[in-house]
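See structure below.
This structure is a prediction, so every number in the text was calculated from the model and none was measured. Per chain, numbering begins at 1; letters A, B, ... match sequence-line order.
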There are 2 protein chains.
Amino acid sequence: MDRTALTLYELSKCMKSKSDDFSISSSEFGKCLSVSQQTASRLLNELEAAGMISCTRGGKGQVINMTEKGLSSLNDMLLNLRAFLECAKEPLAIEAKVATGFGEGAYYIQAYAKKLEAALGFAPYPGTLNLKPTKPYPAIDRFASGEIAGFTENNRSFGAVKYVLAKLSSKSWEEDCFILLPQRTHHVVELEVVAREKLRDKRSIKDDDVVTLTICV
Amino acid sequence: MDRTALTLYELSKCMKSKSDDFSISSSEFGKCLSVSQQTASRLLNELEAAGMISCTRGGKGQVINMTEKGLSSLNDMLLNLRAFLECAKEPLAIEAKVATGFGEGAYYIQAYAKKLEAALGFAPYPGTLNLKPTKPYPAIDRFASGEIAGFTENNRSFGAVKYVLAKLSSKSWEEDCFILLPQRTHHVVELEVVAREKLRDKRSIKDDDVVTLTICV
DNA sequence: ATTACTAACTTTCGAGTAT
DNA sequence: TATACTCGAAAGTTAGTAA
């Protein structure tokens, strides 16, 4: 179990703000975590190796700064906690830009076609709409309405895929769709969406159009 | 290093909302954490033993609910992350009710008198105003402007105390003060405040009056 | 006063397995 | 299928120190 995130969180509790250049000794940090100076020192080195913080060491103490990666990791925690604790207020909406993708969508949809049809209850248009969220969003696996198990076909293996029921909308229209979440890769930068029809044509969507995905709970 | 909070956070990522009665097997939870089914099972038992969740076990899977304690632990994380990531917006303000305390304040202030005077730059009124926050607030240790080391006097030992510069205010007045943070005890339910004068008299404060503490950064 | 190495100690993990 | 036990192995922790 990776404790990087926890260590980073504990470190953030010692810092006044995200832009605070702050100085802490390993023994002081150790007191905050109730561990020895040696362990605290190692933990700080691990955070640095993971790219979460940058430190400049000197004879007495070290000056620590959060990196962008560290801040984004803490921001993910914040987003996930919000989604969990403040959920009931409004359904989760993700703003995204239409993107081109690698054109592999069609190939995959064909491979998964029968299983998708069985799972979703309809035969999806054989292609995916790729969407690039405009800002960080919380983990949506938890809203998955089902999962297609991995399988092997023609000596090629296809991984498991979860699917989340969502509404894709723009100012003037709304369509039902499913977000596909490959279970292999973490930290997806583009979401792939399938629907009954070819939405690019039906709704005249072009690359870089901004649309909203609203997760159906 | 205690990982309860991290495990709870990871569990929350699997749940749809805080009120979700949700069912997960130990092997599924293990996959989320990248640990074995055995470890996941043990972690869930630890969370239950710590009072963070309640589970009902059956032949297949277990139904998990977050307890109030678990929710408040996650809420603490949320508050701390907010304070860290969204800091610049406005200074941290804590709304609190005036409380009676155990009357020990005066005794302590006397014991710490000389050290407090040296640290704060003035001789505080020999008593503390006890304040009970009306809602959870983020950790404020990080804003400490200094610390008085522990010491022993007349065979009695006095622990270390950090102090945070703050403004105590009501609708019609504002006073400089210091929040005292004993370093021994965690999870303080009442904050103790010292000031130059006896604020109860000067500002006619009574128990249950609502005041605001604003941390000076 | 620092940080951080090595070596010994302690805790945690997970394969095998019982229930 | 589950959960969860034992126990040998792996990982983490810290005391003693070096730098």
Exercise for review: Using atom CZ of F29(A) as one end and atom C1' of dA4(C) as the other, report the distance to the nearest whole Å.
Suggested key: 16 Å
**Study point:** side-chain N/O N45(B) vs dA4(D) OP1/OP2, d < 4.0 Å
**Key:** yes
Review point. Does K132(B) offer a backbone N or O that forms a donor-acceptor pair with the side chain of K97(B) under 3.5 Å?
Key: no
Check your understanding: Between the main-chain N or O of S12(B) and the side-chain N or O of R142(A), is there a donor-acceptor pair closer than 3.5 Å?
Key -> yes
Point to revise | Q62(B) side chain near dA2(D) phosphate (N/O to OP1/OP2, under 4.0 Å) | key: no
Exercise for review: With ring pair (Phe, Tyr, Trp, His ring centres under 6.0 Å) as the test, would you mind laying out the steps for Y9(B) and F84(A) before giving the verdict?
Suggested key: CA-CA 10 Å; Y9(B) 164 71; F84(A) 178 73; 9.5 Å; no
Check residues 156-165 of chain A and write down every donor-acceptor pair under 3.5 Å in which the side-chain atom is one partner and the other belongs to a residue at least two apart or another chain.
from: R156(A); atom 1: NH2; to: Y108(A); atom 2: OH; distance (Å): 3.3

Practice item. Grab the NZ-C1' distance between K31(B) and dG14(C) for me, whole Å please. Key: 16 Å
Review point. Under 4.0 Å: is that the gap between some side-chain N or O of S41(A) and OP1 or OP2 of dT3(C)?
Key: no
Point to revise | Minimum heavy-atom distance between S26(B) and A40(B), given as atom pair plus value | key: O-CB, 3.1 Å
Review point. Can you tell me how far P of dT2(C) sits from CD1 of I64(A), to the nearest Å?
Key: 14 Å
Revision key, fill the gap. When rounded to whole Å, the CD to C1' distance for the pair E46(B) and dT3(D) reads 15 Å
Practice item. State whether R3(A) places a side-chain N or O below 4.0 Å from either non-bridging phosphate oxygen (OP1 or OP2) of dT12(C). Key: no
Review point. Would you find a donor on one side and an acceptor on the other, under 3.5 Å apart, between the side chain of D21(B) and the backbone of V63(B)?
Key: no
Point to revise | Rounded distance (Å) that lies between atom P of dG12(D) and atom CG of L43(A) | key: 10 Å
Atom pairs, protein N/O to nucleotides 14-16 of chain D N/O, distance under 3.5 Å:
from: dT14(D); atom 1: OP2; to: S36(A); atom 2: N; distance (Å): 2.8
from: dT14(D); atom 1: OP2; to: S36(A); atom 2: OG; distance (Å): 2.8
from: dT14(D); atom 1: OP2; to: T39(A); atom 2: OG1; distance (Å): 2.7
from: dA15(D); atom 1: N7; to: Q38(A); atom 2: NE2; distance (Å): 2.7
from: dG16(D); atom 1: O6; to: Q38(A); atom 2: NE2; distance (Å): 3.0

Review point. Atom CE of M1(A) to atom C1' of dG14(C): distance rounded to whole Å?
Key: 16 Å
Check your understanding: Rounded to the Å, how far apart are D2(A) CG and dC13(C) P?
Key -> 13 Å
Point to revise | Expected output: side-chain T67(B) to main-chain M52(B) donor-acceptor under 3.5 Å | key: yes
Review point. Between L44(B) (CG) and dC5(D) (P), how many Å, whole number?
Key: 13 Å
